[in-house]
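This report refers to the structure that appears directly beneath it.
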Amino acid sequence: MPLRAPIHDGVEVCVYTAKPRPKPFFKTVMDAKRLFEGASATITTTVNHHAVEIRSHHVSAIGEIAEVATLDASKSLVMQTLTRKQSDKSGRIVREESVDFESSAVLLPARSFPEVLLPFVLRGQRFDGKRDFVFSWTNDRFVARVYFEVSKRSMKLDVPAGSFRAHEVVMYPDLNDWVPLGSVLTTLAKPLLPKYTMWFEDQVPHRVLRFEGAYGPPGAPEVVLELVKTS
């Protein structure tokens, strides 16, 4: 099925707290507490006649990360561009990149989206219980298929913004992209796969209420995002 825009025409601003995951699933050399303790994230989603823009602004004790993603939703949601700037506490730019997802130089597969934006990209989907997939983009040399499916429907969830009915959605990689396991081994390995868990409000436009998982590909520092307010 075609992927749908995150929201209907309009502008929405969601503010989240960010903190280290209490019980990390992955092993990593990066210090999640240093990166996420007391951090916040602001996600601004704008849709105007099938033109989609998602802006993310992350603030932590070590600096800021600002990202702007543009997408087209005229037929199915398609990634177009991503710009990302990281600055230290003094405001000095320490990393900057600009990515053209439509370039023929790389030929990224359809349904490729930046891994850290996936929760906010996927919120427009129906969550009807069927498994679906996208490609998680880390950089042009690391693109992986990931599946997402509802694990619990219309459950109660409490976050700083209040109490909501939510769908719990899990996302996990397809190991057969790396090693051909076959159907039997894939089924046996599924409980052991690294998972990302997302809680979406069960009412349209399916706001992201909570996210728990690696902030990036498996092995990245793990974070918990919780909704504080929406405007």
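Numbers here are sequence positions counted from 1. In what follows, every heavy atom counts, from backbone to side chain, and hydrogens, waters and symmetry copies are set aside.
With hydrophobic clusters built from ILVMFWY side chains whose heavy atoms lie under 4.5 angstrom apart, Ile54 does not share a cluster with Val68. Side-chain heavy atoms closer than 4.5 Å link hydrophobic residues (I, L, V, M, F, W, Y) into clusters, and following such links, even through other members, never connects Leu82 to Ile65. Phe133 and Leu117 fall within the same hydrophobic cluster, where Ile, Leu, Val, Met, Phe, Trp and Tyr residues are linked whenever their side-chain heavy atoms come under 4.5 Å apart, directly or through other members. Residues Val224 and Val228 are members of separate hydrophobic clusters, defined by side-chain heavy-atom contacts under 4.5 angstrom among Ile, Leu, Val, Met, Phe, Trp and Tyr. If you chain together hydrophobic residues whose side chains sit under 4.5 Å apart, Phe101 and Val121 fall into the same group.
A cation-pi contact, defined as under 6.0 Å to the ring centre and within 45° of the axis, links Arg131 to Tyr147.
Nearest heavy atoms, Val208 versus Leu227: O-CB, 4.0 Å. Across all non-hydrogen atoms, the minimal contact from Val116 to Arg84 is CG2-NH2, 3.8 Å. A pairwise comparison of heavy atoms in Pro20 and Ala32 identifies CG-O, 3.7 Å as the closest pair. Across all non-hydrogen atoms, the minimal contact from Gly124 to Arg4 is O-NE, 3.1 Å. When all heavy atoms are compared, the tightest approach of His167 to Ser154 is ND1-N, 3.1 Å.
Under 3.5 Å, the side chains of Glu168 and Ser151 contain a donor-acceptor pair of N or O atoms.
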Self-check item: Full working for side chain to side chain contact (heavy atoms under 4.5 Å, CB included) between Asp202 and Phe164
Solution: CA-CA 8 Å; Asp202 67 355; Phe164 301 88; over 6 Å; no
Self-check item: Worked check of side chain to side chain contact (heavy atoms under 4.5 Å, CB included) between Arg123 and Ile7
Solution: CA-CA 8 Å; Arg123 54 181 289 203; Ile7 63 173; 3.5 Å; yes
Quiz prompt | Intermediate values then yes/no, side chain to side chain contact (heavy atoms under 4.5 Å, CB included), Trp137 and Leu108 | solution = CA-CA 9 Å; Trp137 176 94; Leu108 295 171; 3.9 Å; yes
Quiz prompt | Step-by-step side chain to side chain contact (heavy atoms under 4.5 Å, CB included) determination, Val52 to Leu77 | solution = CA-CA 9 Å; Val52 180; Leu77 195 61; 4.2 Å; yes
Practice problem: Apply side chain to side chain donor-acceptor pair (under 3.5 Å) to the pair Ser98 and Thr83, showing each step before the final yes or no. | Solution: CA-CA 4 Å; Ser98 179; Thr83 59; over 6 Å; no
Practice problem: Evaluate side chain to side chain donor-acceptor pair (under 3.5 Å) for Asp158 paired with Ser163, printing each intermediate quantity in order. | Solution: CA-CA 4 Å; Asp158 294 320; Ser163 182; 2.9 Å; yes
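Remark: the backbone N or O of Phe142 is paired with a side-chain donor or acceptor of Asn139 at under 3.5 angstrom. The main-chain N or O of Lys229 is never found under 3.5 Å from a side-chain atom of Tyr16 such that the two would form a donor-acceptor pair. The closest donor-acceptor contact from the side chain of Ser136 to the backbone of Ala144 lies at 3.5 Å or more, if one exists at all. In terms of modelled atom types and a separation under 3.5 Å, the side chain of Tyr215 and the main chain of Phe36 share no donor-acceptor contact. The closest donor-acceptor contact from the side chain of Ser103 to the backbone of Asp100 lies at 3.5 Å or more, if one exists at all. No donor-acceptor pair closer than 3.5 Å links the side chain of Glu67 to the backbone N or O of His57.
Residue His206 is tested with Phe127, Phe200, Trp199, Phe120 for a ring pair (Phe, Tyr, Trp, His ring centres under 6.0 Å); the sole match is Phe127.
Counting non-hydrogen atoms of neighbouring residues, nucleotides and ligands closer than 6.0 angstrom, the CE atom of Met155 exceeds 12 such neighbours. The local environment of CZ in Arg165 is crowded, with over 12 non-hydrogen atoms from other residues, nucleotides or ligands closer than 6.0 Å. When the shell of 6.0 Å around CZ of Arg55 is examined, it contains 12 or fewer heavy atoms from other residues, nucleotides or ligands.
Look at Glu212 and Arg21 and you find a salt bridge, because one of the NZ, NE, NH1 or NH2 atoms lies within 4.0 Å of a carboxylate O, short of that distance. With respect to Arg153 and Asp128, no salt bridge is recorded, no charged nitrogen being found less than 4.0 Å from a carboxylate O.
Interatomic distance, CE of Met79 versus OG of Ser112, reported as 10.0 Å (0.5 Å rounding).
Every residue meeting the salt bridge (charged side-chain N to carboxylate O under 4.0 Å, His left out) condition with Arg92, not counting sequence neighbours, appears here in chain and number order: Asp88.
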